[in-house]
K.L.:
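Below you will find the structure I want to go over with you.
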Amino acid sequence: MAFTASDVMNLRQMTGAGMMDCKKALTETDGNVEKAVEYLREKGIATAAKKAGRIAAEGVVDSYIHMGGKVGVLVEVNCETDFVARGELFRSLVHDIALQIAAAKPLYVTKEEVPAEVLAKEKEILLQQALNEGKPANIAERMVEGRIKKYYEDNCLLEQKFVKDPDKTINQVVVEAIAQIGEKLSVRRFVRFEMGEGLEKKSENLADAVAEQVAKAQA
């Protein structure tokens, strides 16, 4: 069954989910609105969206120190109540996020945090790369949009693939946790330290070392 832009808007109003999530839900359910609502609820998306307007002023600051003290991470993740902040599920989520930051080296929490001048410069570089590959200008511009998406996936925490389960993004992991916990959760900020960062010296790839440690722990 086909669906219209109006159907997408109606589903969004019903669930509070984002436009792309609503379009995907309607696509997956052949335009059936009731099934689309169920789809979003099963994915935890509708639940998370309804809680988005709440204030999350509690939470924890967690740390992760890679073996040998070569990489250290501090991350603040917020929730709504102190009760949840003390819970095992929430603290496990926060620690996984700290481990993700250590392994994947994000620069920002969300893609909205990327400064406009940084984004403009990146697009300029990507456009020149496409033109250097011999692509016509109109095609090169379209290629830039796809490559910017990859830039977000590499550099924005919530867009990154989860090191423990690459089939999910960190945003999906957070959304699933919201559905389980029943409160608004948000990653507020983080800082990552790497020994010798900025100094001119030969060193191992510490991000790969962290990822290898995660793989061994799961084996």
Side-chain angles (χ1 to χ4, degrees), residues 5 8-9 12 16-24 27 43 45 48-49 51-53 56 59 61 64 71-78 93-94 96-178 184-194 196-200 205-208 210-211:
V8 176
M9 289 300 297
R12 187 180 185 190
M19 292 290 288
M20 295 306 297
D21 288 323
C22 290
K23 286 181 69 175
K24 183 175 181 180
T27 300
K43 297 292 183 182
I45 296 170
K51 298 181 186 302
V61 173
Y64 173 81
V71 173
V73 169
L74 287 173
V75 61
E76 178 183 348
V77 181
N78 298 132
L93 168 71
V94 179
D96 279 346
I97 290 173
L99 185 117
Q100 174 76 24
I101 295 165
K105 302 176 68 170
L107 299 176
Y108 313 97
V109 176
T110 68
K111 59 186 179 182
E112 287 76 21
E113 289 182 7
V114 181
E117 60 273 18
V118 172
L119 195 59
K121 185 62 178 177
E122 189 65 24
K123 286 183 176 180
E124 180 184 325
I125 292 170
L126 292 173
L127 179 60
Q128 192 57 55
Q129 285 177 351
L131 292 172
N132 290 344
E133 292 168 9
K135 302 294 189 296
N138 62 326
I139 293 177
E141 289 176 2
R142 288 201 297 270
M143 288 174 65
V144 167
E145 294 309 311
R147 291 178 179 181
I148 279 293
K149 183 175 183 294
K150 181 65 168 59
Y151 174 83
Y152 288 144
E153 290 172 355
D154 288 342
N155 296 286
C156 301
L157 175 64
L158 295 184
E159 305 298 318
Q160 289 183 335
K161 295 185 185 300
F162 185 27
V163 292
K164 286 188 173 181
D165 183 356
D167 290 333
K168 298 177 182 178
T169 64
I170 291 297
N171 186 61
Q172 288 172 319
V173 171
V174 173
V175 166
E176 288 175 2
I178 291 172
K184 177 182 178 180
L185 309 176
S186 60
V187 183
R188 186 182 178 207
R189 55 186 172 174
F190 67 84
V191 61
R192 181 184 186 278
F193 298 97
E194 183 169 321
E197 193 168 33
L199 300 178
E200 293 185 9
N205 188 322
L206 295 174
D208 286 349
V210 173

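Residue numbers count from 1 along this sequence. Any value given below was found using the heavy atoms of this structure, including those in side chains, with hydrogens, waters and symmetry copies removed.
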K.L.:
Can you give me the closest heavy-atom contact between A140 and A130, atom names plus distance?
P.N.:
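Closest pair (atom of A140, atom of A130, distance): CB-CB, 3.7 Å.
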K.L.:
For residues L158 and V109, determine if any side-chain heavy atom of one lies less than 4.5 Å from a side-chain heavy atom of the other.
P.N.:
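Of all side-chain heavy-atom pairs linking V109 with L158, at least one is under 4.5 Å.
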K.L.:
Under the criterion side-chain contact (heavy atoms from CB on, under 4.5 Å), which of V61, V187, V75 is the partner of V94?
P.N.:
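When side-chain contact (heavy atoms from CB on, under 4.5 Å) is applied between V94 and each of V61, V187, V75, only V75 qualifies.
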K.L.:
Using modelled atom types and a 3.5 Å cut-off, is there a donor and acceptor pairing between side-chain atoms of E153 and backbone atoms of Q160?
P.N.:
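It does not hold such a pair.
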K.L.:
Rounded to the nearest 0.5 Å, how far apart are CG of L126 and CG of L131?
P.N.:
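These two atoms lie 11.0 Å from each other.
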K.L.:
Output the distance between atom CD (Q129) and atom CZ (R147), rounded to the nearest 0.5 Å.
P.N.:
6.0 Å
K.L.:
Does the side chain of E113 come within less than 4.5 Å of T110's, by heavy atoms?
P.N.:
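The answer is yes; the side chains approach within 4.5 Å.
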K.L.:
Output the distance between atom NZ (K135) and atom CG (L127), rounded to the nearest 0.5 Å.
P.N.:
12.5 Å
K.L.:
With side-chain contact (heavy atoms from CB on, under 4.5 Å) as the criterion, how do I178 and K184 come out once you've worked through the C-alpha distance, each side chain's angles and the decisive distance to 0.1 Å?
P.N.:
CA-CA 6 Å; I178 291 172; K184 177 182 178 180; 5.7 Å; no
K.L.:
Return the CE to CG distance between M143 and N138, rounded to the nearest 0.5 Å.
P.N.:
11.5 Å
K.L.:
Is it the case that the side chain of Q172 and the backbone of T169 share a donor-acceptor pair, with hydrogens and angles ignored and the cut-off at 3.5 Å?
P.N.:
yes
K.L.:
Just how far is it from atom CD1 of I139 to atom CD of E141, taken to the nearest 0.5 Å?
P.N.:
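Spacing of CD1 (I139) from CD (E141) equals 11.0 Å.
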K.L.:
Does a side-chain N-to-carboxylate-O contact under 4.0 Å join K149 and E145?
P.N.:
no
K.L.:
Roughly how far apart are K23 NZ and D21 CG, rounded to 0.5 Å?
P.N.:
11.5 Å
K.L.:
Side chains of I125 and Y151: closer than 4.5 Å at any heavy-atom pair?
P.N.:
no
K.L.:
Which atoms form the tightest heavy-atom contact between A102 and R192, and what is the distance?
P.N.:
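What the structure gives for the nearest pair is O-NH2, 2.9 Å.
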K.L.:
Within the structure provided, determine whether Y152 and V114 are in side-chain contact (heavy-atom separation under 4.5 Å).
P.N.:
yes
K.L.:
Do the side chains of K111 and E122 get close enough for a salt bridge, i.e. N-O under 4.0 angstrom?
P.N.:
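Looking at K111 and E122, the cut-off is not met.
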K.L.:
Using every non-hydrogen atom in the two residues, find where A98 and Y64 come nearest and quote the distance to one decimal.
P.N.:
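Where A98 meets Y64 most closely, the heavy atoms are CB-CB, 3.9 Å.
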K.L.:
Is it true that D96 and Q100 share a donor-acceptor pair across their side chains at a distance under 3.5 Å?
P.N.:
no
K.L.:
Are I97 and V174 packed together at the side-chain level, in the sense that at least one heavy-atom pair is separated by less than 4.5 angstrom?
P.N.:
yes
